[in-house]
Amino acid sequence: MVCPCCELVVQSALEELGLEVVDIELGRAVVKNFDKPSREAIDKALEEYGFELLEGIDQGYPMPTI
């Protein structure tokens with residue numbers, strides 16, 4: 001993510017999957033949900049907007065980036 005508009009697009013894509021976005025900033029999104037979607041579902045949703053997942057340092061969970 002490189003701008004506020006990108007952050008909004010990523011936030012919207014994650015929320016459409018039922019994730020609650022707690023924090024979002026350049027190259028990082030913190031989400032929570034009891035029934036999290038699969039990595040593949042997140043990756044597919046983000047790819048529709050030109051983003052991809054990189055493995056996150058925090059808790060080993062992937063985070064959106066471009």
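The model shown is predicted, which means the values in this text are computed figures rather than measured ones.
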Original post:
Please walk me through it: do F51 and D43 pass side chain to side chain contact (heavy atoms under 4.5 Å, CB included)?
Top reply: CA-CA 8 Å; F51 294 94; D43 195 36; over 6 Å; no
Original post:
Which heavy atom in K32 sits nearest to a heavy atom in V22, and how many Å separate them?
Top reply: CG-CG2, 3.9 Å
Original post:
Is the shortest heavy-atom distance from the side chain of L17 to the side chain of E15 under 4.5 Å?
Top reply: no
Subject >> Point-to-point distance, once rounded to the nearest 0.5 Å, from CD of Q11 to CG of D23 >> reply: 10.0 Å
Subject >> Sequence-distant partners of E20, side chain to side chain donor-acceptor pair (under 3.5 Å), two or more places apart >> reply: none
Original post:
Going through the distances and angles, do V30 and R28 end up as a side chain to side chain contact (heavy atoms under 4.5 Å, CB included)?
Top reply: CA-CA 7 Å; V30 178; R28 181 170 183 256; 3.5 Å; yes
**OP:** List in chain and number order the residues that pass side-chain contact (heavy atoms from CB on, under 4.5 Å) with E40, two or more places apart in sequence or in another chain; answer none if no residue qualifies.
**Re:** S38
**OP:** Begin from the C-alpha positions of V10 and Y49 and carry the test side chain to side chain contact (heavy atoms under 4.5 Å, CB included) through to its verdict.
**Re:** CA-CA 8 Å; V10 169; Y49 298 102; over 6 Å; no
**OP:** Supply the atom-to-atom distance I42 CD1 to L19 CG, rounded to the nearest 0.5 angstrom.
**Re:** 5.5 Å
